[in-house]
Structure formats: structure tokens, C-alpha cells
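Below: one structure, written as C-alpha cells.
These numbers were taken from a predicted model, which means no experiment stands behind them. Counting starts at 1 for both ligands and their atoms, following the listed order.
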Amino acid sequence: MQTAREEVQADKSRRYLLCLETTCDETAAAVISDRLEVLGAVVASQDRLHERFGGIVPEIASRAHLERILPAIDTALKQAGIAATDLAAVAVAYTPGLAGSLMVGLMAAKTIALVLDVPLIGVDHLHAHVYACRLASGQEVFPCVGLVVSGGHTSLYWCPNPLEFQLIGSTIDDAAGEAFDKVASMLGLGYPGGPAVERAAASGNPKAYNFPRAFLDDPDRLDFSFSGIKTAVRYTICGPGKVDFSKLNLPPQMVADIAASFQEAVVDCLVGKAFLALEKLGASTLCVGGGVAANKRFRQRLEEEASRRNVRLYIAPLKLCTDNAVMGAIAWERYHAGLFEPLDLDIQAGPLRPKSLTGSGASRS
Ligand code: KG4
Ligand code: ZN
């Protein structure tokens with residue numbers, strides 16, 4: 001009896017795509033068939049390397065990518081049971097991210113494309129986070145509003161189809177995940193902060209502290225801001241001035257209450273703006289991805305609101321929320337449209353600026 005994987009491998013009409021992801025601190029490679037079957041997937045995490053710094057150190061990240069990228073590709077191909085010469089194309093996340101990290105993935109992808117003489121496909125990492133919903137659900141999710149909430153980005157998109165992503169709102173300062181990480185560090189909860197804050201919040205009162213919810217009451221803005229809430233948490237803990245947070249020794253209930261109140265305020269903003277975007281666009285499908293979408297309270301609030309408003313909601317499954325190469329399957333959409341990149345493709349490290357839906361505030365110079 002053939003296994004499902006062997007059956008796929010025996011079918012010579014299938015084509016295979018290698019996807020690479022090195023935008024931040026995960027080195028990931030995946031092999032996806034043109035029927036969107038995931039045949040190989042590797043994520044080499046660097047969490048332990050960055051843990052003691054309380055955040056990602058770009059230089060360490062790019063060096064670690066250098067060590068891990070070829071073994072990750074080799075493992076993904078072996079899992080898929082194919083040779084590099086079976087690949088129809090190679091895709092790489094080339095924007096946005098840390099410059100040094102992006103360069104490692106892009107150079108690997110370009111080299112493979114050149115040596116095998118196959119097309120190179122550029123993937124926008126944030127679009128790929130939205131596409132994780134399409135891939136996991138097996139459903140046609142477009143047109144939709146896409147919300148990507150990660151350590152580096154908090155962005156809202158209008159996505160009429162899988163090739164068009166119009167940025168309609170984003171954070172004007174910290175990303176939501178970054179705020180989770182910073183608050184975790186102030187509360188002495190460790191890194192990565194999101195899961196640690198979520199765990200602490202489970203035994204806390206979300207109404208104990210009334211933290212700010214930036215722009216939430218402004219119906220003309222689809223933007224986010226999380227630096228104010230970070231400062232508010234700091235003032236609640238210890239006031240201004242230089243502090244060694246590791247020596248604070250806060251009472252456990254206070255830590256839990258701050259974590260729960262902080263989480264609730266961030267979730268209020270994310271949910272509020274996502275549904276405001278749907279309303280403004282007259283859209284009825286919401287796709288949510290990115291590391292923070294792993295947060296259970298966030299998922300629960302999205303589900304409640306979606307069922308109340310009759311919105312079709314897709315949230316990426318947990319292992320596709322955080323960075324991975326599988327979501328690079330969006331490259332098949334570009335492949336089918338003949339959208340390939342030249343071999344002089346450069347990285348684009350920084351995020352793009354949103355276009356205003358209303359003309360009254362979202363765009364900035
Ligand atoms: O998408 P991702 O893996 O990497 C980036 O592209 O940034 O997101 C990582 C972020 C980190 O800030 C992490 O603290 C946050 O996602 N995160 C969470 C949870 N799990 C990961 N935030 C809140 N609750 C979680 N359960
Ligand atoms: Zn990401």
C-alpha cells in the first residue's frame with residue numbers, strides 16, 4: 001500500500017516549489033506541491049540564542065541563518081522525497097524583515113534558481129501570513145481583509161485576490177508582539193514574551209488596570225499604536241527612571257493582573273480595527289495570521305465578534321501563525337500568473353506605509 005506521500009511522489013504530473021523564510025529569527029524551508037500539499041517543512045528556531053538578550057539580536061540572527069539554511073533545505077527536500085532537480089521554482093521571503101537575515105535566504109534562493117535554471121519568486125512575508133489562512137482552510141478566502149499581528153508588524157490589508165494586498169492600516173510605533181515581548185520583560189516573564197504574558201494573564205483580572213486603547217474610538221483610523229500602553233505598564237510597575245526589572249520582585253497577583261489587563265487592551269484594539277476595516281470595505285471575510293494570532297484570548301474575541309456580525313473568519317492554525325516557510329505557498333499564485341523575479345532582486349527590509357481608506361489619517365509622510 002502506498003502512503004499518501006508516496007502517491008504524491010509517484011505522480012509525475014505534480015510540480016514542486018521550494019519556499020525559504022529567513023526574515024527574522026526562524027530559518028525555515030518547505031516543499032509544496034502545485035496542489036498545495038505540504039510535503040516537507042522545517043523550522044529551525046533561534047529562540048535559545050536570543051533568550052538571554054530579551055529580544056532578537058540582528059547580527060546573531062543572520063549568522064545563525066547562515067549555519068542553518070542549507071541543512072534546512074536539505075531536510076525539507078528529504079522529507080518530501082524529491083531531489084533539488086525536481087523543483088519547478090524557488091520562492092523566498094525577501095520583504096520585510098531584518099536586512100542581514102533576509103539576505104541569507106535571498107542569496108540561497110537566487111543560487112538555487114541560477115544553478116537549476118528555475119524561476120525565482122519573491123514573497124512578501126506579511127502577505128504570506130495572510131495566505132496561511134487560505135492554505136490551512138483549503139477554502140477560497142479572497143476577497144478578504146487580512147490582519148497580520150507579529151513581533152515586527154501589525155498590519156491590516158484589503159486583499160481582493162491572492163496577488164493584490166493593499167495596506168490600509170498599521171502600527172505607527174511598536175508592533176503588538178513587540179509590546180507583548182517588552183511587557184513580559186518588564187514583568188520578569190522571559191522571552192518570547194507573548195506566550196509568557198498569555199500564561200500569566202490566565203490567573204489575572206483583565207479589568208484590574210485600565211490601560212490605554214490607542215485610536216480605538218476613532219472611526220476614521222485603521223492604525224494601531226502600542227508604545228503608549230507599554231509606557232503605561234511601566235508606570236504602573238515602577239514609574240519613570242532607570243530600573244533593573246529583574247530585581248523588582250512584583251507580587252504574583254499584580255503580575256497576573258497587569259498581564260491580563262494589558263492583553264485585554266491590545267486585543268480590544270486589534271479586534272476593534274479589524275472589524276472596523278470590514279465595515280468600511282463592506283467585506284465579509286477576515287483572515288488573521290502572525291505570531292500574536294496564537295493568543296487564545298485574541299482568537300476567542302475574534303470568534304465571538306465574527307459570529308455576532310456574521311463574518312467568515314479564518315485564523316491561521318497555531319503552527320502556521322509563527323514564522324514558517326509553508327505559508328510561502330502563496331508563491332504558487334505568482335507562479336501561475338507568470339510573476340517571476342530577476343536574479344538581481346534585492347531585499348526590502350522596511351515595511352511599507354499604509355494607504356488611507358478615508359484620506360483622513362491613516363497615511364503618513
Ligand atoms: O510572526 P512571528 O513568529 O514573527 C515575526 O514575524 O515577528 O511573531 C512573533 C511574535 C512575538 O512577538 C511573540 O511574542 C508573539 O508573536 N507571540 C504571541 C503569542 N505567541 C507568539 N503573542 C501573544 N500571545 C501568544 N500566545
Ligand atoms: Zn512573521
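Interface atoms of ligand 1 facing Gly152, defined by a heavy-atom separation under 4.0 Å, are 7 (O). Listed by number with element, the atoms of ligand 1 under 4.0 angstrom from any heavy atom of His129 are 1 (O). Residue Thr322 approaches ligand 1 through these ligand atoms, each under 4.0 Å from one of its heavy atoms: 3 (O). Numbered from 1 in the order shown, with element, the atoms of ligand 1 that lie under 4.0 Å from a heavy atom of Glu198 read 24 (N), 25 (C), 26 (N).
Within the 4.5 Å cutoff, the side chain of Phe215 has no heavy atoms near those of the Leu222 side chain.
For Arg312 and Thr285, the side-chain atoms include at least one donor-acceptor pair closer than 3.5 Å. Using modelled atom types, one finds no donor on one side chain facing an acceptor on the other under 3.5 Å when comparing Ser261 with Gln263. Side-chain N/O atoms of Glu333 and Tyr131 include a donor and acceptor closer than 3.5 Å. Side chains of Thr95 and Asp124: a donor-acceptor N/O pair is absent below 3.5 angstrom, by distance only.
By the 3.5 Å distance cut-off applied to N or O atoms, Gly291 is counted among the residues near ligand 1. In terms of polar-atom proximity, defined here as any N/O pair under 3.5 Å, Gly177 does make such a contact with ligand 1.
Nearest protein heavy-atom neighbour of atom 22 (N) of ligand 1: Gly194 CA, 3.2 Å. Closest protein heavy atom to atom 24 (N) of ligand 1: Asn295 ND2, 3.1 Å. For atom 13 (C) of ligand 1, the closest non-hydrogen atom of the protein is Asp181 OD1, 3.8 Å.
Between Tyr335 and Phe340, the gap from one ring centroid to the other is short of 6.0 Å.
Of the possible donor and acceptor atoms, one in the side chain of Thr22 sits under 3.5 Å from a partner among the backbone N and O of Ser101.
A ring-ring contact (aromatic ring centres under 6.0 Å, His included) with Phe165 holds for exactly one of His127, His129, His125; it is His127.
Of all the heavy atoms of His125, the ones lying under 4.0 Å from any atom of ligand 1 belong exclusively to the side chain. Residue contacts with ligand 1 for His153 are absent, since no atom lies close enough (heavy atoms, distance under 4.0 Å). Residue contacts with ligand 1 for Pro195 involve both N, CA, C or O and side-chain atoms from C-beta outward (heavy atoms, distance under 4.0 Å).
For the Zn ion (ligand 2), the N/O/S atoms of His153 include none lying under 2.8 Å.
Of the angles at the Zn ion (ligand 2), the one spanning NE2 of His129 and OD1 of Asp323 is 90° when given to 10°.
Salt bridge present: Glu305 and Arg309 bring a charged side-chain N and a carboxylate O closer than 4.0 Å.
Distances from ligand 1 to the non-hydrogen atoms of Cys24 include no value under 4.0 Å.
Across Val43 and Asp323, no two heavy atoms sit closer than the pair CG1-O, 3.9 Å. The shortest heavy-atom contact between Leu156 and Ala274 is CD2-CA, 4.0 Å.
Residue nearest to atom 6 (O) of ligand 1, selected from Val266, Thr23, Asp323: Asp323 (by heavy-atom distance). Between Ala93, Gly151, Gly193, it is Gly151 that holds the heavy atom closest to atom 7 (O) of ligand 1.
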